[in-house]
A.B. asks: 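Let me give you the structure first, and then I'll get to my questions.
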Number of protein chains: 2
Amino acid sequence: MLAIGALARKTGTKVQTIRYYEQIGLMHDAGRTAGGQRRYSEKDLDRLAFIRHARQLGFPLDSIRELLDLSDNPAQRCDEADSIAQRQLQQVEQRIKRLQALRKELKRMVAECDGDTVAECKVLEVLRDHAECLTEHDRIGA
Amino acid sequence: MLAIGALARKTGTKVQTIRYYEQIGLMHDAGRTAGGQRRYSEKDLDRLAFIRHARQLGFPLDSIRELLDLSDNPAQRCDEADSIAQRQLQQVEQRIKRLQALRKELKRMVAECDGDTVAECKVLEVLRDHAECLTEHDRIGA
DNA sequence: CCCTCAATCTACAGTCACTGTAGCATATAG
DNA sequence: CTATATGCTACAGTGACTGTAGATTGAGGG
């Protein structure tokens, strides 16, 4: 039985994050000692490792919740898990495209700046010149 | 003089976002009509366009605040603006790298799944198997 | 058995950059 | 003069945590 700190160390998770996962029902309510401290089994460790791995792959918590539910019912067909992963892949590919466009514009900005006064700074000029705006008006997804 | 809705339309910004920018001091406090409605000048329009363009390039609001301050003092050297842009470029490049690694792993996951039952689903298997974890334990930056 | 001190507990506020909602007030066209 | 589109404030919610304050617990050593 692991205390929360040990579990945190083993999975590279912050203690608060584990408590947060419990709070939102992603981790099951942990067993407690007489004094009220959480104790974790190997199964809990596996579940948290699953969550962290999925997070590292960029899955949002809602998708992870679905994946965990699927994982708990091994007889089902896995189409759904597959499509969640596909969706995630598509999102990642979109973000890469968007970021590559940003990189291009940022590179141009930085390259053209010859380090003179602010008045003729290319960086600020590009930002000021809204004729050069990207056409899309949505949020940058980072 | 533009009402807030007109300004929003011209810049592709939501009305609430403009009010939010005013609240956090990124936009100057707007002039008001007798009835208390905000009215905007061309200068305000330029400032908002600058902010939106910088946001589209992924600059955080704090950086934009700095860039606006610089832009307001045109006699200064532009080294600082340049380095803010460089910093942003580096961040974007880091994120691209990270996302490309994610894409690779996601593609492998999806490719290996042959649509059978959940029990032998490759997607879930990869997620379960924490031996295959990415070595880094930091947040995915999206 | 007692002491100490790191680890844990709860509860809540803060992060970032907005977005949404409720319940009013104002401005403008017909 | 009225309808209604637009505006106002104030506050709560988003995602996925992170940080803090102040109290409690547990494990090791004397």
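Since this is a predicted model, take the numbers as computed values, not measurements. Letters go in sequence order (proteins before strands), and every chain restarts at 1.
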A.B. asks: Quick one: B:Ile24 CD1 to C:dC18 P, roughly how many Å, whole number?
C.D. replies: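 After rounding, the gap between these two atoms is 8 Å.
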A.B. asks: In whole angstrom, what separates B:Asp62's CG from C:dT15's P?
C.D. replies: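 Roughly 10 Å, once rounded to whole Å.
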A.B. asks: Heavy atoms from C-beta onward define the side chain here; which of C:dC18, C:dT10, D:dC8 lies closest to that of B:Tyr21?
C.D. replies: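 The answer is C:dC18, which lies nearest to the side chain.
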A.B. asks: Who are the side-chain contact (heavy atoms from CB on, under 4.5 Å) partners of B:Tyr21, not counting sequence neighbours?
C.D. replies: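 Per chain and number, B:Tyr21 pairs via side-chain contact (heavy atoms from CB on, under 4.5 Å) with B:Thr17, B:Ile24, B:Leu26, B:Met27, B:Leu48, B:Ile51, B:Arg52, B:Arg55, B:Leu61.
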A.B. asks: From CG of A:Leu61 over to C1' of D:dG13, roughly how many Å is that when rounded to an integer?
C.D. replies: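 Rounded to whole Å, this separation is 16 Å.
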A.B. asks: So which atom in A:Leu99 and which in B:Val92 form the shortest heavy-atom distance, rounded to 0.1 Å?
C.D. replies: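 Taking A:Leu99 first and B:Val92 second, the nearest heavy atoms are O-CG1, 3.5 Å.
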A.B. asks: To the nearest Å, give me how far apart OH (A:Tyr20) and P (C:dC9) are.
C.D. replies: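 Rounding to the nearest Å, OH of A:Tyr20 and P of C:dC9 are 18 Å apart.
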A.B. asks: Name the closest nucleotide to the B:Arg38 side chain, picking from D:dC8, D:dC17, C:dT19.
C.D. replies: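 Looking only at heavy atoms from C-beta outward on B:Arg38, the closest nucleotide is D:dC8.
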A.B. asks: Can you find a side chain N or O atom of B:Arg19 that sits less than 4.0 Å from OP1 or OP2 on C:dT19?
C.D. replies: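 False: B:Arg19 side-chain N/O out of range (4.0 Å or more) of C:dT19 OP1/OP2.
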A.B. asks: Any salt bridge linking A:Glu125 with A:Lys122? Criterion: basic side-chain nitrogen under 4.0 Å from a carboxylate oxygen.
C.D. replies: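 Answer for the salt bridge query: yes.
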A.B. asks: Using atom CE of B:Met1 as one end and atom P of D:dG7 as the other, report the distance to the nearest whole Å.
C.D. replies: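 So the two atoms are 15 Å apart, to the nearest Å.
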A.B. asks: Measuring to OP1 and OP2 of C:dC16, would you say a side-chain N or O of B:Arg55 lies under 4.0 angstrom away?
C.D. replies: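 No, because none of the side-chain N or O atoms of B:Arg55 sits under 4.0 Å from OP1 or OP2 of C:dC16.
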A.B. asks: Nearest-nucleotide wise, let me know which of A:Ile51 and B:Ala6 is further upstream toward the 5' end of DNA chain D.
C.D. replies: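 Between the two, 5'-proximity favours B:Ala6.
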A.B. asks: Just wondering, do B:Ser63 and B:Gln88 contact through their side chains at under 4.5 Å, heavy atoms?
C.D. replies: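 The answer is no; the side chains never approach within 4.5 Å.
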A.B. asks: Could you state the CD1-P distance from A:Ile64 to D:dG15, rounded to the nearest angstrom?
C.D. replies: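 These atoms are roughly 13 Å apart.
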A.B. asks: Would you call A:Lys10-A:Glu42 a salt bridge at under 4.0 Å N-O?
C.D. replies: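 A salt bridge is absent here (no side-chain N lies under 4.0 Å from a carboxylate O).
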A.B. asks: Would you say B:Tyr40 ends up clustered with B:Leu68 if hydrophobic residues are merged whenever their side chains have heavy atoms under 4.5 Å apart, either directly or through other cluster members?
C.D. replies: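 Yes, same cluster.
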A.B. asks: Generate the contact string for nucleotides 22-30 of chain C. Rules: B means base contact, S means sugar-phosphate contact only, - means no protein heavy atom under 4.0 Å.
C.D. replies: ----BS---
A.B. asks: Taking all atoms of both residues into account, what is the closest heavy-atom pair of A:Val126 and A:Glu105, and its distance?
C.D. replies: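 Nearest pair, atom of A:Val126 first, then A:Glu105: CG1-OE2, 3.9 Å.
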A.B. asks: Let me know the distance between CG of A:Asp29 and C1' of C:dC9, rounded to the nearest Å.
C.D. replies: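 The answer, rounded to whole Å, is 15 Å.
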A.B. asks: Whole angstrom is fine here: how far is it from CD in A:Gln16 over to C1' in C:dA13?
C.D. replies: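 Spelled out: CD on A:Gln16 to C1' on C:dA13 is 13 Å.
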A.B. asks: With a cut-off of less than 4.0 Å, is there a side-chain N or O of B:Thr17 near OP1 or OP2 of C:dT19?
C.D. replies: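 Checking B:Thr17 against C:dT19: at least one side-chain N or O falls below 4.0 Å of OP1 or OP2.
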A.B. asks: Is any side-chain nitrogen or oxygen of B:Lys14 closer than 4.0 Å to OP1 or OP2 of C:dG20?
C.D. replies: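 Yes, such a contact exists.
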